[in-house]
Amino acid sequence: QVHLVESGGGLVQPGGSLRLSCVASGFRLGIYAIGWFRQAPGKEREGVSCVGNSLISIDYADSVKGRFTISRDNAKNTVYLQMNSLKPEDTAVYYCAAAKDLYCSGYVSRLTGRYDYWGQGTLVTVSS
C-alpha cells in the first residue's frame, strides 16, 4: 500500500527555520518526482517546490525562492524541505506528493492534478 507521511511541522517564530520530511512506503520513491504543496486556511492549495527523480530538475515558487531548499535521499525513501527565514504568510498545512514522469519546472510542476499520491500534511505555524 502506498503511503507518504510528512513530519517536522510545528510552531516557529518569524525568521526561524524548520525542516519537513516526507517518507514514502509501498513504492520506490526514487522513480517519482516529489512536490511540496501548502494550503492556508481559506486558500487554495499551492505548489511550493518540486524535485525530479534524478535531481536534474528542481523548481521553487517565487514566494519561497532563496528561503526554502528541497532535497531527496532516495536510499532513505525521503524528501526534505528546509525552510529558513520563515514568515507569517508561510503558515499552512504542508503536503508532499509524488508524480511519475514529471520534469520539475514552472507551472506544470505545481498542478495538483499532476500528482498521483499525497500525504496527509503537517501543520506549520509561523507566529510570534
Side-chain angles (χ1 to χ4, degrees):
Q1 197 169 3
V2 172
H3 282 111
L4 289 171
V5 179
E6 304 93 337
S7 63
L11 173 64
V12 63
Q13 291 187 342
S17 299
L18 283 174
R19 188 176 80 156
L20 305 183
S21 299
C22 170
V23 179
S25 61
F27 69 103
R28 275 181 57 210
L29 189 72
I31 64 173
Y32 285 80
I34 301 298
W36 282 99
F37 291 76
R38 65 187 181 187
Q39 189 165 19
K43 294 189 176 182
E44 291 189 357
R45 194 169 296 190
E46 63 171 353
V48 173
S49 184
C50 175
V51 58
N53 60 351
S54 60
L55 283 171
I56 292 176
S57 62
I58 290 181
D59 182 74
Y60 296 98
D62 288 343
S63 58
V64 306
K65 276 180 184 174
R67 300 189 298 123
F68 290 11
T69 303
I70 193 169
S71 61
R72 66 189 298 159
D73 185 339
N74 289 338
K76 295 182 178 179
N77 248 22
T78 303
V79 174
Y80 304 97
L81 185 68
Q82 178 67 43
M83 306 187 297
N84 299 329
S85 303
L86 283 161
K87 304 175 181 179
E89 51 263 44
D90 294 318
T91 295
V93 177
Y94 284 71
Y95 301 88
C96 65
K100 217 169 182 183
D101 300 324
L102 175 65
Y103 185 84
C104 291
S105 179
Y107 174 70
V108 172
S109 60
R110 299 183 214 127
L111 292 174
T112 56
R114 189 58 183 82
Y115 291 79
D116 305 300
Y117 306 117
W118 288 84
Q120 294 299 307
T122 185
L123 176 63
V124 172
T125 304
V126 185
S127 175
S128 55

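Atom set for the values below is all heavy atoms of this structure, side chains included, hydrogens, waters and symmetry mates excluded. Heads up: numbering here begins at 1 and tracks the sequence.
In this structure the side chain of Y80 reaches within 4.5 angstrom of the side chain of D73, judged on heavy atoms. In this structure, the side chains of I34 and L29 come closer than 4.5 Å at one or more pairs of heavy atoms. Counting only heavy atoms from C-beta outward, the side chains of L86 and L18 approach each other to under 4.5 Å. You'll find the side chain of W118 reaches within 4.5 Å of the side chain of T112, heavy atoms only. The side-chain heavy atoms of C22 and V5, taken from C-beta on, include no pair separated by under 4.5 Å.
With hydrogens and angles ignored, the 3.5 Å screen pairs no side-chain donor or acceptor of R72 with any backbone N or O of N77. Side chain of R110 to main chain of F37: no donor-acceptor pair is present (N/O by atom type, distance under 3.5 Å, no hydrogens or angles). Under the 3.5 Å distance criterion, the side-chain polar atoms of S63 are left unmatched by any main-chain donor or acceptor of A61. Remark: the backbone N or O of C50 is not paired with any side-chain donor or acceptor of S109 at under 3.5 angstrom. E6 places a side-chain N or O within 3.5 Å of a backbone atom of Q120 that can act as its donor or acceptor partner. Side-chain atoms of T122 come within 3.5 Å of backbone atoms of G9 as a donor-acceptor pair (strictly under, hydrogens ignored).
Residue pairs meeting the side-chain hydrogen bond (donor to acceptor under 3.5 Å, both in side chains) criterion with at least one member in residues 17-30, sequence neighbours excluded: S17-N84.
Note that the CG atom of L123 and the OG1 atom of T91 stand 8.0 Å from one another [nearest 0.5 Å]. The OH atom of Y60 lies 7.5 Å from the CG atom of L81; values are rounded to the nearest 0.5 Å. In this structure, the separation between CH2 on W36 and CE on M83 is 8.0 Å, given to the nearest 0.5 Å. Here the straight-line distance linking atom CG of N53 with atom CD1 of I31 works out to 8.0 Å at 0.5 Å rounding.
Of all the heavy atoms in Q39 and K43, the pair that sits closest is NE2-O, 3.1 Å.
Residue L20 is not grouped with residue Y115 when hydrophobic side chains (ILVMFWY) are merged at heavy-atom distances under 4.5 angstrom, including chains of intermediate members. Hydrophobic clustering of Ile, Leu, Val, Met, Phe, Trp and Tyr side chains at less than 4.5 Å, counting indirect connections, keeps V23 apart from V51.
Within 6.0 Å of CD on E89 lie more than 12 heavy atoms contributed by other residues, nucleotides or ligands.
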Can I get a per-line list of side-chain donor-acceptor pairs under 3.5 Å for residues 92-108, giving both atom names and the distance, sequence neighbours left out?
| unit_1 | atom_1 | unit_2 | atom_2 | d |
| --- | --- | --- | --- | --- |
| Y94 | OH | R38 | NH1 | 3.0 |
| Y94 | OH | D90 | O | 2.6 |

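Below 30°, between 30° and 60°, or above 60°: for Y117 and F27 the angle between ring planes is between 30° and 60°, a tilted geometry.
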